[in-house]
Amino acid sequence: MARRRLRVAVVGGGIGGLATAIGLRGHGAEVVVHEQAAELTGQGAGIAIGANGHRMLRELGVTAALEGSAVRPARAEFRNWRTGRTMALHQLAGSYEERFGAPYWTVERAAVQQALLHELGEAQVRPGARVSAVEQSADGAVIRFADGSEAEADAVVGADGIHSAVRNGVFGPDDAVFSGTSGYRALVPMERLGHVRELAEPVLWLWLGPGRHFIAYPVADGTLLNFLAVVPDREWTVESWATEGSATELLRAFEGWHPFVTEIIRASGRPGRWALYDREPQRAWSSGRVTLLGDAAHPMLPHHGQGANQALEDAVVLARILGGADTDEVEQALRTYELARRPRTRLLQRGSRQNATCFQLPDGPEADARNIRLASLPDDLAWIHGHDALTALQPETSGSSA
Ligand code: FAD
């Protein structure tokens, strides 16, 4: 008798969910992505795709679609908040690419989401499908939607982001850990920034100062500048991608900073603002036929720039392990996936917290010591960017290739 194709329901059509669906389909599974938004128009500002994430996009066949809009910054440059003195400078276009075997890209989140959606095909996404609960039995799972409808699957992947309904349903309410900081982000048209001479070159800028930091890089073929400004604020606690902040307040928070920073903020209109939370690493991601992926599994602060990259690594690894499984092998496959991915993402969750402190040291001996350490950054971060999530899989867990 012919083996039935595995039916997988992916909850969430963000970068992690769409990548998972492409990967699973490539390994022979039947996949539907259930997305709460009425349409995937692509929201968000910029994201960085390191060599480790780029390798996963290549595996999924979507790098060509992004070549035109992704920017390859020439270098990463760390500057002093007030004087503008360069504290460290690392080539990104040349030696990074040679060392880690893939480029470093800065790109709009929306562009990545659209490229993945295009590769998957809209027919495999159910928009307007807000999942409210997942139930399971020995031989299958049922997803319940807010509109009262249901869907059945052999396996369910919760790729539904930081506020994951799947995670809450399976493991109970989480304990969000507030960092006491807010992130402001915006995409600023470069034509408004012609007077900021440093922006003539594509650079990943990191401006570090006491209690605050400011990261900026070009996206959209260099037509937009993305920035992320992190400031302390214990009062603002809204963890949402849709909330707006005030450029005037942001400017006040960066008073006394170098004109590079203040000029960009001045040109930013109404930046998005979100309170920065993470969670303690989960002890488990899978229960029976249900697992978690991306931000749903390991929400992290943005200070390693690894949120999307880790979701892509999860997606390709899960697809490799689960895609070829039989319906009665699902639980074992999900456990294998989780064991393969949890240690690395846990380190990144912790490392992202530590970077926040390190980026925001007051001027003085500790900041001076940090500035010396910045010189060895390419070596210190090699475990992140040099990682190939597929070759890291043990042969016995990697299953067959697409
Ligand atoms: P997400 O990208 O958060 O995707 C989760 C998806 O699940 C979303 O499409 C959401 O609508 C859907 N979903 C949630 N709950 C349900 C439910 N109950 N039923 C069905 N679907 C559900 N990161 C940055 O670094 N910079 C940004 O500017 C930025 N902007 C963002 C804007 C938005 C609107 C979102 C959702 C995320 C943004 N992120 C941004 C986060 C970044 O995309 C993620 O950290 C990273 O890509 C990992 O993605 P993910 O697929 O795990 O989760």
Side-chain angles (χ1 to χ4, degrees), residues 44-54 57 66-67 69-81 84-100 102-109 111-112 183-188 190 193 196-209 212-230 254 257-258 260-261 263-265 267-268 271 300-310 348 351-352 355-356 358-360 370-371 373-382 384-386:
I47 56 173
I49 300 288
N52 57 315
H54 192 275
L57 289 175
L66 289 164
E67 281 289 349
S69 61
V71 174
R72 294 180 184 212
R75 60 183 183 276
E77 192 163 335
F78 291 83
R79 291 261 184 124
N80 174 276
W81 66 284
R85 184 178 64 83
T86 299
M87 303 184 298
L89 185 154
H90 298 293
Q91 297 305 325
L92 281 181
S95 53
Y96 175 96
E97 214 165 316
E98 277 158 34
R99 177 171 186 178
F100 298 127
Y104 190 95
W105 271 1
T106 53
V107 60
E108 281 177 280
R109 177 184 181 269
V112 179
Y184 286 80
R185 74 195 142 85
L187 293 172
V188 188
M190 279 289 190
L193 295 165
V196 184
R197 64 180 170 74
E198 288 94 337
L199 296 176
E201 274 186 290
V203 172
L204 166 61
W205 295 101
L206 300 103
W207 292 72
L208 311 185
R212 292 155 179 67
H213 69 271
F214 185 90
I215 295 177
Y217 49 75
V219 296
D221 197 22
T223 59
L224 297 171
L225 184 79
N226 174 79
F227 76 73
L228 166 67
V230 179
F254 281 89
W257 278 56
H258 191 273
F260 175 96
V261 172
E263 287 302 309
I264 293 171
I265 295 173
S268 71
M300 53 184 74
L301 295 171
H303 310 312
H304 256 310
Q306 280 289 314
N309 294 284
Q310 291 311 304
L348 279 158
S352 299
N355 272 1
C358 164
F359 282 176
Q360 303 196 345
R370 178 218 39 219
N371 296 345
R373 285 198 308 275
L374 288 175
S376 61
L377 214 56
D379 292 336
D380 297 343
L381 299 184
I384 302 175
H385 296 259

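Both backbone and side-chain heavy atoms feed into the values below; hydrogens, waters and symmetry mates do not. The chain is numbered in sequence order, starting from 1. These numbers were taken from a predicted model, which means no experiment stands behind them.
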Calculate, to the nearest 0.5 Å, the distance between atoms CG and CD belonging to Leu348 and Gln310 respectively. 4.5 Å

Identify the heavy atoms of Leu374 and His90 that sit nearest to each other, and give their distance. O-NE2, 2.7 Å

Could you walk me through whether Val188 and Leu193 satisfy the side-chain contact (heavy atoms from CB on, under 4.5 Å) test, starting with their C-alpha distance in whole Å, then the side-chain angles of each, then the deciding distance to 0.1 Å, before giving a yes or no? CA-CA 8 Å; Val188 188; Leu193 295 165; 3.8 Å; yes

How far does CG of Asn226 sit from CD1 of Ile47, to the nearest 0.5 angstrom? 9.5 Å

In chain order, what residues pass the side chain to side chain donor-acceptor pair (under 3.5 Å) check against Trp105, with sequence neighbours excluded? none

One should read off an interatomic distance between Leu66 CG and His54 NE2, to the nearest 0.5 angstrom, of 8.0 Å

Hits for side chain to side chain contact (heavy atoms under 4.5 Å, CB included) against Trp81, two or more places apart or cross-chain, chain-then-number order -> Pro210, Trp257, Asp363

Sole residue of Phe214, Trp207, Trp205 in ring pair (Phe, Tyr, Trp, His ring centres under 6.0 Å) with Phe227: Phe214

Tightest non-hydrogen contact, residues Ala45 and Arg185, listed as N-NH1, 3.7 Å

Any side-chain heavy-atom pair from Val107 and Ile49 closer than 4.5 angstrom? yes

Look at the side chain of Tyr217 and the backbone N and O of Gly46, then say whether any donor-acceptor pair between them is shorter than 3.5 Å. yes

Indicate the atoms forming the closest heavy-atom contact of Val71 with Ala220, along with that distance. CG2-N, 4.4 Å

About how many Å separate NE2 of His304 and CG of Leu381, when rounded to the nearest 0.5 Å? 6.0 Å

Tyr184 meets the ring-ring contact (aromatic ring centres under 6.0 Å, His included) criterion, sequence neighbours left out, with none

Name the orientation class of the two ring planes belonging to His303 and His213 (parallel below 30°, tilted from 30 to 60°, perpendicular beyond 60°). perpendicular

Would you indicate whether the side-chain heavy atoms of Asn80 and His258 approach each other to under 4.5 Å? no

Just so I know, are the side chains of Asn52 and Gln306 near enough to count as touching, which here means a heavy-atom distance under 4.5 Å? yes

Nearest atoms (heavy-atom pairs only) where Phe359 meets Leu208: O-CB, 3.4 Å

Among residues at least two apart in sequence or on other chains, which ones pass side chain to side chain donor-acceptor pair (under 3.5 Å) with Asp380? Ser376

At what distance, to the nearest 0.5 angstrom, does CD of Glu198 lie from CD1 of Ile264? 8.0 Å

Pairs under 3.5 angstrom only: tabulate donor-acceptor contacts from the side chains of residues 92-100 to other protein residues two or more places apart or in another chain.
| unit_1 | atom_1 | unit_2 | atom_2 | d |
| --- | --- | --- | --- | --- |
| Tyr96 | OH | Ala51 | N | 2.8 |
| Tyr96 | OH | His385 | ND1 | 2.6 |
| Glu97 | OE2 | Arg72 | NH1 | 2.9 |
| Arg99 | NH1 | Asp379 | OD1 | 2.8 |
| Arg99 | NH2 | Asp379 | OD1 | 3.0 |

Take Leu225 and Met190 through the side-chain contact (heavy atoms from CB on, under 4.5 Å) test and state the conclusion after the steps. CA-CA 6 Å; Leu225 184 79; Met190 279 289 190; 3.7 Å; yes

Just to verify, what does Arg75 make a side chain to side chain contact (heavy atoms under 4.5 Å, CB included) with, not counting sequence neighbours? Glu77, Leu89, Gln91, Glu201, Val203

One pair to check against side-chain contact (heavy atoms from CB on, under 4.5 Å): Arg85 and Asn371. What are the steps and the verdict? CA-CA 11 Å; Arg85 184 178 64 83; Asn371 296 345; 4.1 Å; yes

